[in-house]
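Only one structure is covered here, and it is reproduced in the block below.
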Amino acid sequence: MVDPETQTGWVPEADEADDEEEMPLSLRLSIADTLTLGNATCGFMAVYFTTTGILIPHLTGSQETGMARHSAATAVILMLCAAVFDLFDGLVARKLRSSPMGAELDNLSDLISFGLAPAYFVLVYGMVADDAHQRVAAVGAIVVLLAVVLRLARFSCVTVKDGTFQGMPSPFGALTVVSIVLLELPFVATLLAILGTAWLMVSRVEYPKPRGRLAVAMLSWIVLSMGLLAAWAFDAPSGQLLLQTGCALQLVMGAVIPLFATARRVNNFRDNRREARAAQLP
């Protein structure tokens, strides 16, 4: 078509729909991807509050314990929010769709929220706690970080049977690590428990995937944990006792939950063996 004023050729502009079709599929973010980015943001902000509210006041000689308590609670609540985002991005991806970047974004976000953030929390604990040893705590923090890195790498490469995780999931592991720190146990006991959690994350112990009722139970537990942290942060009556009770329950669940998966596997093995024997009978 020729423009009557300029006598030059005119090419119609492409529709927005055409531009969207020409956009590489790998560059489009889905709803699930947006939730995954929320996960990464929460992990980064957890590191921020751990630094500004706990580490810097300690280095500058501030004695405001209330501020440190508020910042520690905020950092852990942000990790819990990251776990909520991680729970829902998988559900949304299964119901709707996920971009080709979804798996990569999920691993990178999990590394920030459930690898870097809890490892940094352990590192700062080693610097501010009275009975802690900074260098030993730094080793524990590195072990936590590497355990999450190895777990995420193995998760991308190894295919396991549907409905289970091989090793403690990184969100559950991160929350267990910070629960150990918040329990304020003696340093040696704290370090051993942290190393044990790191081992569980890279072990072959089976954990069920949070689906159906288990997902609802996990979400309810996260909301309850946020309430316990808030009560502790605002120095509510028995807030310290409630927090320690919640942290202790987190540790117990980390040890007990795989027993259910093991019991189910044993029962399935017995059922299959019984069926095989019945099939061999004349």
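All values derive from a computational prediction rather than experimental measurement.
- Residues satisfying the ring-ring contact (aromatic ring centres under 6.0 Å, His included) test with Phe88, not counting sequence neighbours, are none.
- Taking Ile, Leu, Val, Met, Phe, Trp and Tyr as hydrophobic and joining them when side-chain heavy atoms fall under 4.5 Å apart, one finds Val202 in a cluster with Leu150.
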Which atom pairs, one a donor and one an acceptor, fall under 3.5 Å between side chains of residues 103-110 and the rest of the protein, sequence neighbours left out?
{"unit_1": "Asn107", "atom_1": "ND2", "unit_2": "Ser156", "atom_2": "OG", "d": "2.6"}
{"unit_1": "Ser109", "atom_1": "OG", "unit_2": "Thr36", "atom_2": "O", "d": "3.1"}
{"unit_1": "Ser109", "atom_1": "OG", "unit_2": "Leu105", "atom_2": "O", "d": "2.9"}
{"unit_1": "Asp110", "atom_1": "OD1", "unit_2": "Asn39", "atom_2": "ND2", "d": "3.0"}

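- A search for side chain to side chain contact (heavy atoms under 4.5 Å, CB included) contacts involving Ile222 returns Leu80, Ala83, Val84, Met218, Met226, not counting sequence neighbours.
- With sequence neighbours left out, Thr51 forms a side-chain hydrogen bond (donor to acceptor under 3.5 Å, both in side chains) with Tyr120.
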Side chains of residues 129-140: which donor-acceptor pairs under 3.5 Å do they make with residues two or more places apart or in other chains?
{"unit_1": "Asp131", "atom_1": "OD2", "unit_2": "Phe187", "atom_2": "N", "d": "3.3"}

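- Summarising the hydrophobic clusters (Ile, Leu, Val, Met, Phe, Trp, Tyr; side-chain heavy atoms under 4.5 Å, direct or chained), the residues clustered with Phe44 are Met45, Tyr48, Phe49, Leu78.
- Side-chain contacts under 4.5 Å among hydrophobic residues (ILVMFWY), followed directly or transitively, place Leu192 together with Val188.
- Residue Ile56 shares its hydrophobic cluster (ILVMFWY side chains chained together at separations under 4.5 Å) with no other residue.
- Listed by chain and residue number, Phe172, Leu175, Thr176, Ser179, Trp221, Met253 satisfy the side chain to side chain contact (heavy atoms under 4.5 Å, CB included) test with Gln250 (two or more places apart in sequence, or in another chain).
- Applying the side chain to side chain contact (heavy atoms under 4.5 Å, CB included) test to Leu214 and every residue at least two apart in sequence or in another chain returns Pro208.
- Ala72 meets the side chain to side chain contact (heavy atoms under 4.5 Å, CB included) test with Ile54, Phe121, Trp232; sequence neighbours excluded.
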